[in-house]
Amino acid sequence: FETPKIEMVRTCGLGALALGLIAGRAGRPARWTMLDRAVAAWLAVEFLATLFSVSPRVSVVGETRQREGLLTSLALVGLYFAAHDAFARPGRVRLALDLVLGLATVVGLYAIAQVAGQDPFQWRRAAVYAGSYVRPFATLGHPNLLGLLSAAAACIALALAVSGKRGVSRWLRGGAAGLLVIVTILTLSRAAWLGLGA
C-alpha cells in the first residue's frame with residue numbers, strides 16, 4: 001500500500017505548495033511559531049543531505065519501496081503550510097479534529113472486527129503473539145502503527161469530549177475515546193500504551 005499512499009501525499013502536498021507559492025503565502029506565515037521554524041529547519045537539512053548525497057537520485061525520489069526523499073519532504077511541507085493557512089480559525093480546527101476522530105473510529109471498528117475473527121480479507125504475515133493471538137492492524141499494515149493512531153486519536157477524542165458542549169456529540173466523542181483506548185490495548189504495542197498514558 002505504500003506507493004499509492006505516498007503518491008497521493010506527493011500530489012496533494014506539491015500541489016498545495018505550488019498553489020501557496022502562486023498565492024504568495026507558502027512558507028510565509030504572518031507570525032512564525034517554533035513549529036514553523038522547526039519545519040523550515042528540517043527542510044533545510046533535507047536540502048543539505050540531498051546536495052551532499054552519495055546517491056542524489058535516491059535522495060530526491062527515494063527508493064522503490066520506501067519513497068522518502070526530498071520530493072516527499074517538500075510535499076509534507078506543502079501540506080503543513082496549507083493546513084496552517086486552512087485551519088487558522090478555531091472552528092475549522094475542531095472540524096478537522098472531528099474528521100480525524102471519525103476516520104480513526106472507523107479504523108478502530110475494523111480492528112475490533114479483526115480481533116473478533118470477522119475480517120473479510122485473508123492477510124499474510126500478520127503479527128502473532130503467543131502463537132495464536134493475531135494483533136490487529138486494521139488498514140495500517142502493522143499493529144504498532146494502529147496503536148500510534150488509536151492512542152493519539154483517543155487523546156483527541158477525550159479532549160474534545162471534555163471541552164465540548166453537553167449533548168449527543170459529547171457522548172459520541174467519549175464513546176470514540178473508549179473504543180480507541182480498547183483498540184490501543186488490543187494492539188499490544190507498548191509504545192502506544194506509553195503514549196496513551198502520557
Side-chain angles (χ1 to χ4, degrees), residues 1-13 35 38-39 42 62-69 71-73 75-80 82-83 86-87 93-164 169-198:
F1 298 118
E2 295 306 315
T3 301
K5 287 179 190 176
I6 204 64
E7 292 306 324
M8 184 65 78
V9 167
R10 284 182 179 178
T11 301
C12 294
L35 185 57
V39 168
W42 168 64
E63 297 178 26
T64 305
R65 292 187 57 160
Q66 186 175 354
R67 306 256 181 186
E68 294 180 15
L71 281 177
T72 304
S73 298
L76 291 172
V77 168
L79 289 173
Y80 170 77
F87 301 119
V93 171
R94 185 172 290 269
L95 180 66
L97 291 175
D98 277 333
L99 178 63
V100 167
L101 180 58
L103 295 172
T105 302
V106 170
V107 170
L109 289 170
Y110 186 73
I112 296 290
Q114 282 181 327
V115 170
Q118 300 301 314
D119 192 340
F121 300 105
Q122 296 297 318
W123 299 95
R124 288 186 265 163
R125 297 186 300 168
V128 178
Y129 179 76
S132 62
Y133 178 69
V134 178
R135 295 170 58 200
F137 51 88
T139 59
L140 299 174
H142 197 278
N144 292 344
L145 291 175
L146 174 61
L148 170 73
L149 172 77
S150 60
C155 295
I156 291 171
L158 182 61
L160 289 174
V162 169
S163 67
S169 63
R170 192 172 196 181
W171 285 102
L172 287 173
R173 291 172 179 148
L179 172 82
L180 292 165
V181 165
I182 291 168
V183 169
T184 303
I185 293 167
L186 291 173
T187 64
L188 302 183
S189 175
R190 292 170 296 193
W193 292 352
L194 288 171
L196 182 63

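Just so it is clear, the structure is predicted and the values come from calculations on it, not from any experiment.
Between R170 and V162, the shortest heavy-atom contact is NH2-O, 3.2 Å. Considering all non-hydrogen atoms of both residues, L35 and Y80 come closest at CG-OH, 3.6 Å. Nearest heavy atom pair, residue A138 against residue Y110, reads CA-CD2, 3.3 Å. Contact record, L79 with G13: CG-CA, 3.6 Å, taken as the closest heavy-atom pair. Taking all atoms of both residues into account, the shortest heavy-atom contact from A161 to G174 is CB-N, 3.7 Å. The minimum heavy-atom distance between T139 and K5, with the atom names listed, is O-NZ, 4.1 Å.
Side-chain contact between I112 and L186: present, with at least one pair of heavy atoms (C-beta onward) separated by less than 4.5 Å. Put simply, the side chain of V107 does not reach to within 4.5 Å of the side chain of V183, judged on heavy atoms.
For T184 (side chain) and A151 (main-chain N/O), a donor-acceptor pair under 3.5 Å exists by modelled atom type. Distance alone, capped at 3.5 Å, places no donor-acceptor pair between the Q114 side chain and the D119 backbone.
More than 12 non-hydrogen atoms from other residues, nucleotides or ligands lie less than 6.0 angstrom from CH2 of W42. Other residues, nucleotides and ligands place more than 12 heavy atoms under 6.0 Å from the OH atom of Y133.
Note that SG of C12 and CD of E7 are 11.0 Å apart. Values are rounded to the nearest 0.5 Å. Between the CZ atom of R94 and the OG atom of S163 there is a distance of 4.0 Å, given to the nearest 0.5 Å.
Partner of L103 under the side-chain contact (heavy atoms from CB on, under 4.5 Å) criterion, chosen from V100, L99, L101: L99.
Sorted by first and then second residue, the salt bridge (charged side-chain N to carboxylate O under 4.0 Å, His left out) pairs with a member in residues 171-188 read D98-R173; sequence neighbours excluded. Residue pairs that meet the salt bridge (charged side-chain N to carboxylate O under 4.0 Å, His left out) test with at least one member in residues 130-154, sequence neighbours left out, do not exist here. Sorted by first and then second residue, the salt bridge (charged side-chain N to carboxylate O under 4.0 Å, His left out) pairs with a member in residues 174-195 form an empty list; sequence neighbours excluded.
Annotation: side chain to side chain donor-acceptor pair (under 3.5 Å) contacts of T187 (sequence neighbours excluded): none. By the side chain to side chain contact (heavy atoms under 4.5 Å, CB included) test, V181 pairs with A154, I185, L196, sequence neighbours left out. V106 is linked by a side chain to side chain contact (heavy atoms under 4.5 Å, CB included) to nothing, counting only residues two or more places apart in sequence or in another chain.
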Requested in this report: Could you walk me through whether F137 and N144 pass the side-chain contact (heavy atoms from CB on, under 4.5 Å) test, one step at a time?
Outcome: CA-CA 8 Å; F137 51 88; N144 292 344; over 6 Å; no
Query - S189 and L148: CA distance, side-chain angles, deciding distance, side-chain contact (heavy atoms from CB on, under 4.5 Å) verdict - result: CA-CA 8 Å; S189 175; L148 170 73; over 6 Å; no
